[in-house]
Amino acid sequence: RVLDDIQREYAAYDEARRSAISLYERGLKDEASAALESNHARTQHFWSLFRSFGGLAKADAESRLADAQRNVRWLGRVLVATSIAGALASLLVGFWWARRITKPIYELAVRLESAAERTRIQISPTRGGLDALGDQIAALVTKVEETDAALVEHRQRLVQTEKLSAIGELSAKLAHEILNPLAGMKAALQLMTREGPSESVSSAVLEVATALNREVTRVEGLVRRLVNYSRPLALRIEVVTIEELLRSALEAARRTLDAHAVTVTVKEEAGLPPVEVDPLLIAQVLVNLLTNAAQALAPTGGAVEVAARSVVVLGRREVAIEVADKGPGIPQSVLPNLFKPFFTTKPDGHGLGLALSQNIILEHGGRIAARTLPAEVGGGAAFEIQLPFVR
Ligand code: ADP
């Protein structure tokens with residue numbers, strides 16, 4: 001509206017100025033100066049309008065600036081508010097997700113802890129958080145694997161025990177049926193042979209009687225071994241050092257070793273803890289292994305190595321005692337039959353030594369295994385027994 005007024009005033013001023021100029025040009029100087037005079041007043045009005053327009057424009061610009069500033073402030077507040085709301089929302093969503101992820105992990109940790117307590121698994125306390133959880137899972141997996149392996153071993157032991165008790169019953173009956181008449185036969189044969197050749201007993205008959213007596217004694221020995229093998233083992237457990245065990249076994253086998261010209265070297269790892277075993281039975285196993293080694297070295301004799309060291313089996317420390325000879329070794333076809341009762345490749349063997357040894361070792365919660373040594377180290381056979389240390 002002010003601009004319209006200014007325009008109108010300016011048009012009137014211009015008009016008046018033009019008419020004053022035309023008056024002047026026509027020589028009407030007084031009229032022209034009067035007209036200019038009156039136009040001057042209009043000019044004053046025009047300028048005041050212009051000034052007021054300037055004021056208005058300034059006020060308008062200021063109010064627009066204030067509006068803009070208000071808008072900027074408002075926008076700033078909206079921005080801050082949305083950022084806070086966004087942050088809060090992300091926090092909430094984050095918290096919800098974190099709970100979704102951590103809750104099952106926490107539950108798993110609690111269950112693992114109680115499982116670890118039940119299975120008495122030790123977990124390194126130096127680690128925390130997910131590392132500890134990983135440790136627990138790894139420890140439990142190892143425990144499950146160990147338990148699985150122990151179960152398989154236990155089942156084998158049970159089968160062996162069942163087999164043995166069946167053989168035991170049968171052999172006890174058989175032994176009774178066989179040993180009694182054998183005793184009678186032996187007594188008669190001994191009576192015959194003790195007197196020497198006579199009129200009624202020729203030297204030929206005597207020779208047969210002597211041979212019969214030998215055979216009867218051999219059969220009697222075999223039956224007694226069978227009974228001994230299948231009789232349930234009653235262990236007399238003692239705490240003994242490996243050194244004591246090896247010494248008593250070597251002493252017991254001394255005569256056989258000397259007879260076969262066998263020299264034994266013993267290597268014992270330093271600081272081996274003691275074992276909880278029946279010393280007589282374990283010595284019997286070692287004597288059996290040494291006797292077999294000596295027989296494998298026949299007829300020349302030679303060296304046998306006995307080595308004791310600690311090993312870790314199914315997560316527990318055990319002692320491994322190895323008896324190794326430089327004999328012909330064990331053919332591949334023989335290996336699976338070694339520990340079967342009555343398996344023998346010797347003309348006068350009875351095939352019960354290793355079977356009984358295995359029973360004794362299994363009864364102690366240990367293991368026995370055989371292997372043929374490679375030709376690069378001179379060949380031969382090695383038998384290793386593993387027994388748990390005192391806990
Ligand atoms: P036996 O000595 O009466 O034959 P064992 O049970 O002690 O009964 O041994 C079974 C078989 O295992 C032997 O006949 C032999 O074939 C084999 N054997 C045992 N020890 C050795 C060894 N050190 N080297 C080679 N073969 C062996």
Side-chain angles (χ1 to χ4, degrees), residues 120 122 146 149-150 153-154 156-157 160-161 228-229 231-260 262-297 302-326 338-339 352-371 373 377 380-391:
R120 289 187 294 281
Q122 310 257 308
E146 282 173 15
E153 222 179 88
H154 196 68
Q156 281 171 351
R157 217 165 281 169
Q160 182 84 353
T161 315
N228 185 31
Y229 163 75
R231 202 173 30 215
L233 293 166
L235 306 187
R236 289 164 181 269
I237 298 293
E238 285 174 34
V239 176
V240 276
T241 63
I242 307 299
E243 198 191 339
E244 282 169 331
L245 271 181
L246 296 180
R247 198 179 337 109
S248 64
L250 284 168
E251 267 167 27
R254 178 60 45 214
R255 274 182 58 194
T256 313
L257 294 170
D258 288 347
H260 285 82
V262 168
T263 51
V264 180
T265 47
V266 179
K267 280 188 209 158
E268 191 189 327
E269 192 181 285
L272 286 180
V275 281
E276 236 172 341
V277 293
D278 183 324
L280 287 179
L281 287 178
I282 297 298
Q284 188 183 331
V285 172
L286 290 170
V287 168
N288 187 44
L289 297 182
L290 288 165
T291 308
N292 277 347
Q295 286 171 350
L297 288 168
V304 169
E305 261 189 27
V306 178
R309 64 185 208 288
S310 78
V311 287
V312 176
V313 182
L314 297 174
R316 60 180 182 179
R317 267 187 88 207
E318 297 200 344
V319 64
I321 305 174
E322 188 182 70
V323 178
D325 61 63
K326 293 271 174 281
L338 276 186
F339 298 98
L352 283 174
L354 287 179
L356 182 59
S357 298
Q358 189 183 46
N359 284 352
I360 293 171
I361 297 299
L362 288 180
E363 206 61 35
H364 280 83
R367 272 158 302 280
I368 181 165
R371 66 195 166 104
L373 298 168
V377 294
F383 285 78
E384 185 176 275
I385 60 172
Q386 289 171 353
L387 292 166
F389 286 121
V390 172
R391 278 164 201 273

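Only heavy atoms go into these numbers, but all of them, side chains included; no hydrogens, no water, no symmetry mates.
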Table please: side-chain donor-acceptor pairs of residues 241-249 below 3.5 Å, with sequence neighbours left out.
from	atom 1	to	atom 2	distance (Å)
Thr241	OG1	Glu244	N	3.1
Thr241	OG1	Glu244	OE1	3.3
Glu244	OE1	Thr241	N	3.0
Ser248	OG	Glu244	O	3.3
Ser248	OG	Leu245	O	3.1

- prompt: Quick one: CZ on Phe339 to CD1 on Ile361, what's the gap to the nearest 0.5 Å?
  reply: 9.5 Å

task: Could you check if a side-chain atom of Val287 sits within less than 4.5 angstrom of a side-chain atom of Leu250, using non-hydrogen atoms only?
output: no

Closest non-hydrogen atom pair, Leu297 against Gly302: CD1-C, 4.0 Å

field: Non-neighbouring partners of Leu362 that pass side chain to side chain contact (heavy atoms under 4.5 Å, CB included), sequence neighbours left out
entry: Arg157, Gln160, Gln358

field: Shortest non-hydrogen contact from Leu373 toward Ala324
entry: CD1-CB, 4.0 Å

Check: Phe389 and Pro274 side chains under 4.5 Å, non-hydrogen atoms: no

query: Which is it for Val277 and Leu387 under the side-chain contact (heavy atoms from CB on, under 4.5 Å) test, yes or no, and what are the steps along the way?
result: CA-CA 8 Å; Val277 293; Leu387 292 166; 4.0 Å; yes

- request: Write down the atom of Ala293, the atom of Val323, and the distance for their closest heavy-atom approach.
  value: CB-CG1, 4.4 Å

query: Is Ile385 close to Leu286 at the side-chain level, that is, under 4.5 Å between some pair of heavy atoms?
result: yes

query: With sequence neighbours excluded, what pairs up with Glu251 under the side chain to side chain donor-acceptor pair (under 3.5 Å) test?
result: none

- request: Keeping to residues at least two apart or across chains, list the salt bridge (charged side-chain N to carboxylate O under 4.0 Å, His left out) pairs with something in residues 359-371.
  value: Glu153-Arg367, Glu318-Arg367, Glu322-Arg371

field: Student check: side-chain heavy atoms of Leu235 and Leu281 closer than 4.5 Å
entry: yes

statement: Hits for side chain to side chain donor-acceptor pair (under 3.5 Å) against Asn288, two or more places apart or cross-chain, chain-then-number order -> Ser357

query: How about Ser310 and Val319: do any of their side-chain heavy atoms sit closer than 4.5 Å?
result: no

- request: State which residues pass salt bridge (Lys or Arg N to Asp or Glu O under 4.0 Å) with Arg317; sequence neighbours excluded, sorted by chain then number.
  value: none

message: Val304 vs Thr263, test: side-chain contact (heavy atoms from CB on, under 4.5 Å). Steps then yes/no.
response: CA-CA 6 Å; Val304 169; Thr263 51; over 6 Å; no

Nearest-0.5 Å distance that lies between atom CG in Leu257 and atom CG in Leu290: 5.5 Å

- request: Please examine the side chains of Glu238 and Glu276, heavy atoms only from C-beta on, and report whether any two atoms are closer than 4.5 Å.
  value: no

message: Please enumerate all residues that pass side chain to side chain donor-acceptor pair (under 3.5 Å) together with Asp325, with sequence neighbours excluded.
response: none

- prompt: Taking the side chain as C-beta and beyond, is there a heavy-atom pair between Phe383 and Leu354 under 4.5 Å?
  reply: yes

message: So which atom in Val311 and which in Gln386 form the shortest heavy-atom distance, rounded to 0.1 Å?
response: CG2-NE2, 4.3 Å

Residues Val306, Thr265; criterion side-chain contact (heavy atoms from CB on, under 4.5 Å); working and verdict: CA-CA 6 Å; Val306 178; Thr265 47; over 6 Å; no

- prompt: Would you find a donor on one side and an acceptor on the other, under 3.5 Å apart, between the side chain of His364 and the backbone of Asp278?
  reply: yes

task: Please tell me if the side chains of Thr291 and Leu289 come closer than 4.5 Å, counting only heavy atoms from C-beta onward.
output: no

